[in-house]
Structures are given as C-alpha cells and as structure tokens.
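Note sheet for the following structure.
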Amino acid sequence: MSFLLGPQGEIMWMPAVLVLVVGLLLSAFFSGSETGFMSVSRVRLRRSGQSESGQGRTLQELLRNIEDPILTCLIGTNLFNVMISAVLTVIMTSLLGDYGEWAAVALGATMVITFGEIVPKVLYLEFPETLTGRSVRGIRLAMLVFWPVRVLLLGYTRFLRFLQGRGGGNQESLDRRS
C-alpha cells in the first residue's frame, strides 16, 4: 500500500479515502449481486416482461449456469473486503500508531458487515429482479476480469469431486438440478 504514502511516509488522504470508498461500494455490489442471483424468480422475470430486454436476456443466460456469476461475486466480495482491510489498516496505523491495527479491525468489520454485506443483501433481497438485472453488465465484466481465478477454482472443485468419487463407493450423488 505504499502508493498511499507520500515522500516522507505520510498518508495521502484523498487517494486513501477514495480507494476505501470504491472498495466498499464494490464489496457491496458483489455481495448484493450474489444475493440477487440466488433470489431472482424466473417466473416473475418472465411475467414482468423484463426478460425481453437486453438486461433480462443476459440475466436469464447467467441464471442458466448460476455457478459462474456466484463464483465471480464471491471472488469480488473477498477481494474488495481484503482491500478495505489493508487500506484501513494503513490509514489507522498512520493516525494511531500500533493501536491503529485494532482500530482498523473494529472499524473495518463494522463498515464491511454493515455497508458491504447487510445493507446490499437486504436491498437485493427486496428487489432481486430489478437490481440483479441492473448488475448484469458489471458481473459480466467481472467474470471476464476474474476468469483466471474462476478457472483455477473450478478446476480445484472438479479435482475434489474426482477424489470424492473415488472413495465414495457406489453412492449416487445429487447435483443442483436434482
């Protein structure tokens, strides 16, 4: 986080606060979108006529393979929550010294849980079709940006399923369609 520090090691406030706010907004976006994708009613989407719009068609396409947008949301949420924690630790330690680490934990947890998790999830749960429909462009962009991480995680998941299948005997497994 040295890009937030000036030549004499002092904090540059505008970039630090900007990175913190943008990180919190993106954490909220990914967290809310995850809830939205899990809450969208395909029936309400079709009945509202929203499925005929470009956003609606894209949303239906993403819902067909819901693991991809959900995995993207989880990666984004975790990435920006860690970024918030790191930036807040830099800010608070520059203000309070060694005690700043504890202040960063308390303030960061409160900010992330309240504004990065609870508020967006409540909003997306209340208006899933509308808000998730408006989020599809951002999610599609994030899917593109995060594709290497998604591929790695999907490969890891397939590997675990492979290992589980070898030791599982003749038990039938249920997939999400079952």
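Just the heavy atoms: all of them, side chains too, but no hydrogens, waters or symmetry mates, feed the values below.
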Exam field: side chain [X] to backbone [Y], donor-acceptor pair closer than 3.5 Å:
{"X": "Glu101", "Y": "Thr89", "result": "no"}
{"X": "Arg150", "Y": "Thr72", "result": "no"}
{"X": "Thr114", "Y": "Thr110", "result": "yes"}

What I'd like to find out is whether the side chain of [X] reaches to under 4.5 Å of the side chain of [Y], using heavy atoms alone.
{"X": "Leu25", "Y": "Phe115", "answer": "no"}
{"X": "Leu59", "Y": "Phe37", "answer": "yes"}
{"X": "Val105", "Y": "Met92", "answer": "no"}
{"X": "Thr58", "Y": "Arg137", "answer": "no"}
{"X": "Thr132", "Y": "Ser33", "answer": "no"}
{"X": "Ile84", "Y": "Val19", "answer": "no"}

* To do: Using the side chain to side chain contact (heavy atoms under 4.5 Å, CB included) rule, take Thr35 and Leu123 through it: C-alpha gap first, then chi angles, then the decisive distance, then the call.
  => CA-CA 9 Å; Thr35 298; Leu123 288 172; over 6 Å; no

To the nearest 0.5 angstrom, please state how far the [atom1] atom of [X] sits from the [atom2] atom of [Y].
{"X": "Leu74", "Y": "Glu34", "atom1": "CG", "atom2": "CD", "result": "4.5 Å"}
{"X": "Asn78", "Y": "Cys73", "atom1": "CG", "atom2": "SG", "result": "11.0 Å"}
{"X": "Arg134", "Y": "Phe127", "atom1": "CZ", "atom2": "CZ", "result": "10.0 Å"}
{"X": "Leu154", "Y": "Trp147", "atom1": "CG", "atom2": "CH2", "result": "12.0 Å"}
{"X": "Ile91", "Y": "Leu96", "atom1": "CD1", "atom2": "CG", "result": "11.5 Å"}
{"X": "Leu26", "Y": "Met83", "atom1": "CG", "atom2": "CE", "result": "7.0 Å"}

* Asked: Is there a donor in the side chain of Ser31 and an acceptor in the side chain of Tyr124, or the other way round, less than 3.5 Å apart?
  ->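 Not at all, the side chains of Ser31 and Tyr124 share no donor-acceptor pair under 3.5 Å.
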
* Asked: Side chains of Asp68 and Asn65: is there a donor and an acceptor less than 3.5 Å apart?
  ->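 Indeed, the side chains of Asp68 and Asn65 share at least one donor-acceptor pair under 3.5 Å.
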
* To do: For the pair Thr93 and Tyr99, evaluate side chain to side chain contact (heavy atoms under 4.5 Å, CB included) and give the outcome as yes or no after the intermediate values.
  => CA-CA 7 Å; Thr93 54; Tyr99 297 108; over 6 Å; no

* Closest approach of Ser27 and Asn81, non-hydrogen atoms and distance? ->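 Scanning both residues, the minimum pair turns out to be OG-OD1, 2.5 Å.
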
* Shortest non-hydrogen contact from Ser39 toward Leu125 ->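 In terms of heavy atoms, the two residues are closest at OG-CD1, 3.2 Å.
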
Shared ILVMFWY cluster between [X] and [Y], side chains joined below 4.5 angstrom?
{"X": "Val87", "Y": "Val82", "answer": "no"}
{"X": "Ile66", "Y": "Val40", "answer": "yes"}
{"X": "Val149", "Y": "Phe29", "answer": "yes"}
{"X": "Ile113", "Y": "Leu24", "answer": "no"}
{"X": "Leu107", "Y": "Val22", "answer": "yes"}

* **Aromatic plane relationship, Phe30 with Phe80 - under 30° parallel, 30 to 60° tilted, over 60° perpendicular** =>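 Parallel, since the angle between the ring planes stays under 30°.
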
* **Residues Arg140, Leu62; criterion side chain to side chain contact (heavy atoms under 4.5 Å, CB included); working and verdict** => CA-CA 9 Å; Arg140 293 288 296 257; Leu62 291 173; 3.7 Å; yes

* Might you work through the side chain to side chain contact (heavy atoms under 4.5 Å, CB included) test for Val136 and Glu61, ending with a clear yes or no? => CA-CA 10 Å; Val136 294; Glu61 177 187 320; over 6 Å; no

* Asked: Quick check: are there more than 12 heavy atoms from other residues, nucleotides or ligands sitting under 6.0 Å from CE of Met38?
  ->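 Incorrect, the count does not exceed 12.
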
* **Trp13 CH2: over 12 foreign heavy atoms closer than 6.0 Å** =>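 For Trp13, atom CH2 is crowded (more than 12 foreign heavy atoms under 6.0 Å).
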
* Ionic contact status for Lys121 with Glu117, cut-off 4.0 Å ->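 The answer is yes: the pair qualifies as a salt bridge.
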
